[in-house]
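One structure is given here, and the rest of the page talks about it.
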Amino acid sequence: MSSARPHGLPLVDEMTPAVLLLPGPVTRDEAAGLCEDVRALLGSTGAAVVVVDVAAIGPPGLGAVDLLARLELAARRAGGRIRLRDPAPSLHALLDLVGLRFEVEGQAEQREPALGVEEEVEPGEPAV
């Protein structure tokens, strides 16, 4: 018994994240549609992560925080999560201030040191 091989490169397709581009400032009415877009991307691509491009989201405010929290909740309910692409430093600071932590594309995880960075050891300190 044989079956047809699926099209595309399976390994590459699994590693390629789904991307949701936020076109600009989003109203509260548009948030429900974007949450549905996140669920649809997770379902149709089989990806575990949706990359949300927030470069054009506009000045950060509580509306942006609310939208990102809703998108993360929708992704979690669908069995995935979101990762931010190109957040402004002010948006990143606001998210930290309200206690929301998002993975940011291209940023080393907190528990892992960045590649090529070595800790400086003072003379006389014991080796760990």
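Values reported hereafter were calculated over all heavy atoms of this structure, with side chains retained and with hydrogens, waters and symmetry mates removed.
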For residues 17-26, which side-chain donor-acceptor pairs fall under 3.5 Å, sequence neighbours excluded?
none

Can you list everything that forms a side-chain contact (heavy atoms from CB on, under 4.5 Å) with [X]? Sequence neighbours excluded, please.
X: Ser44; value: none
X: Val65; value: Leu94, Leu95, Val98, Leu100
X: Arg76; value: Glu72, Arg81
X: Glu36; value: Arg39

Any heavy-atom pair between the side chains of Val54 and Asp86 that's under 4.5 Å?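 A side-chain contact under 4.5 Å is absent here.
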
Where at least one partner belongs to residues 43-67, residue pairs that pass salt bridge (charged side-chain N to carboxylate O under 4.0 Å, His left out), sequence neighbours excluded: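 Qualifying pairs, neighbours excluded: Arg28-Asp66, Asp66-Arg70.
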
Do any pairs count as a salt bridge (charged side-chain N to carboxylate O under 4.0 Å, His left out) and have a residue in residues 40-52, sequence neighbours left out, and if so which ones?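 Not a single pair qualifies under salt bridge (charged side-chain N to carboxylate O under 4.0 Å, His left out).
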
Leu84 vs Val51, side-chain contact (heavy atoms from CB on, under 4.5 Å): CA-CA, chis, key distance, verdict: CA-CA 6 Å; Leu84 303 183; Val51 175; over 6 Å; no

Nearest heavy-atom pair of Leu42 and Ala78: which atoms, and what distance?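 Minimum heavy-atom separation between Leu42 and Ala78: CD1-CB, 3.8 Å.
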
If you take all heavy atoms of His92 and Val104, which pair is closest and at what distance?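 His92 and Val104 have their closest heavy atoms at NE2-CG2, 3.6 Å.
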
Between Val52 and Leu62, is there shared hydrophobic-cluster membership here, with clusters defined by ILVMFWY side-chain heavy atoms closer than 4.5 Å?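 Per the 4.5 Å side-chain linkage, Val52 and Leu62 are not co-clustered.
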
To the nearest 0.5 Å, how far apart are [atom1] in [X] and [atom2] in [Y]?
X: Arg83; Y: Glu105; atom1: CZ; atom2: CD; result: 6.0 Å
X: Leu34; Y: Thr27; atom1: CG; atom2: OG1; result: 8.5 Å
X: Phe102; Y: Leu91; atom1: CZ; atom2: CG; result: 9.0 Å

